[in-house]
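Each remark here refers to the structure printed beneath this line.
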Protein chains: 2
Amino acid sequence: MLNKESSGDCTVSTCRAKNRAIKDALDVLNGSWKLQILVSLSEGTKRFKEISREVEGISDKMLSKELKDLEMNQLVTRTVRDTFPPTVEYSVTDHAATLKEVMIALSEWGILHRNKIIGS
Amino acid sequence: MLNKESSGDCTVSTCRAKNRAIKDALDVLNGSWKLQILVSLSEGTKRFKEISREVEGISDKMLSKELKDLEMNQLVTRTVRDTFPPTVEYSVTDHAATLKEVMIALSEWGILHRNKIIGS
DNA sequence: GTAATTAATAACCGATTGGTTAGCGATAAC
DNA sequence: GTTATCGCTAACCAATCGGTTATTAATTAC
């Protein structure tokens, strides 16, 4: 071990591994919508329109696509109810619950960064 | 307060705030490269080519653009040394250090997710 | 009869992401 | 002389991101 660690507790080899893991995570969570959708759903089961109302700015097309992606990655489940105006319910899976730390870290940093830069 | 909280410790109002903060963070960290670059630089000051070698798959064009973005957001500093083959050094700022928790959370989840899904 | 509702999908568009190739300068190695 | 080096930049291209509008079905409200 060298003294490199003092500058950021990241050695050459651990950096590589970290980067691989971060890439894996980002490949699944890419775009600005997925985490927002998951936060919204972490509140409880919701219908398509409810999510679209809560996640400000998202279009139906994107919401539909993102939900499909999330379903494929086993982060969300979809339940269709056989009613007249169609009813489709979405919920987070247990696996999505493991994203809690990521969400907390990101939202805390978002606030920090806004104070530092955006809200100059 | 309602019993909503039991299902995911996220109320309607806290969800909105969380989503705003997450959006702020993602607007700055978007794409699959920025966090990887920051992890690489967290090891210490590096030159352009060193980063490009460490962040697997990134092209010069993208690295150049991403570094510019990071500099604009005060996450990275750029130092030009006046030599013949040009020497440009990049370092993380103190502000970038506050991303530590985000990086840890994301890399841990990346590993978890790979075990769960990708590495079936 | 007309309009609104829900969860999409299709068609079309522009913007962004990201890759590839080529080029610049001055020097050093072959 | 030729080639390689470094940190970009420009030109060109494809794929993706993301928005808008229109359409579908069966039923309710006006």
Report summary line: Rounded to whole Å, the CD1-C1' distance (A:I58 to C:dA8) equals 14 Å
Report summary line: Separation of D:dT16 atom P from A:D69 atom CG, nearest Å, is 12 Å
Report summary line: From NZ of B:K65 across to C1' of C:dT16 the rounded distance in Å is 8 Å
Query raised in the report: Separation of A:W33 atom CH2 from D:dT16 atom C1', in whole Å?
Result: 16 Å
Requested in this report: Give a yes/no on whether any side-chain N or O of A:S32 is located under 4.0 angstrom from OP1 or OP2 of D:dG18.
Outcome: yes
**Report entry** Plane angle bin for A:Y90 and A:F48 - parallel if under 30°, tilted between 30 and 60°, otherwise perpendicular
**Finding:** tilted
Query raised in the report: Is any side-chain heavy atom of A:L70 closer than 4.5 Å to a side-chain heavy atom of A:K34?
Result: yes
Requested in this report: Name the nucleic acid region contacted by A:S52, choosing base, sugar-phosphate or nothing; use a 4.0 angstrom heavy-atom cut-off, strictly under.
Outcome: nothing
Query raised in the report: Is the backbone of B:D60 close enough, under 3.5 Å, to the side chain of B:S64 for a donor and an acceptor to pair up by distance?
Result: no
Query raised in the report: Could you run down nucleotides 5-10 of chain D 5' to 3' and tag each one B, S or - for protein heavy-atom contact under 4.0 Å?
Result: -BSBS-
Requested in this report: Report yes if the side chains of A:Q36 and A:E54 come closer than 4.5 Å at any heavy-atom pair, otherwise no.
Outcome: no
Report task. With the side chain counted from C-beta on, respond yes when B:K116 and A:H95 share a heavy-atom pair under 4.5 Å apart, and no when they do not. Result -> yes
Query - Atom-pair distance (CG on B:L63; C1' on C:dG18), nearest Å - result: 13 Å
Query raised in the report: Any side-chain heavy atom of B:L63 sitting closer than 4.5 Å to one from B:W33?
Result: no
Query raised in the report: Separation of A:M62 atom CE from D:dT21 atom C1', in whole Å?
Result: 16 Å
Query raised in the report: Backbone N or O of B:S40 within a donor-acceptor pair of the B:K46 side chain at under 3.5 Å?
Result: yes
Query raised in the report: With a 4.0 Å cut-off, would you call A:K65 and A:D69 a salt bridge?
Result: yes
**Report entry** Dot-bracket summary - DNA chain D, pairs being Watson-Crick or G-U whose distances fall under 3.5 Å, with | when paired to another strand
**Finding:** |||||.||||||||||||||||||.|||||
Query raised in the report: For the pair made of CG in B:N30 and P in C:dA15, what is the distance, rounded to whole Å?
Result: 18 Å
Report summary line: The side chain to side chain contact (heavy atoms under 4.5 Å, CB included) partners of A:A96 (sequence neighbours excluded) come to A:L38, A:L75, A:V92, A:T93
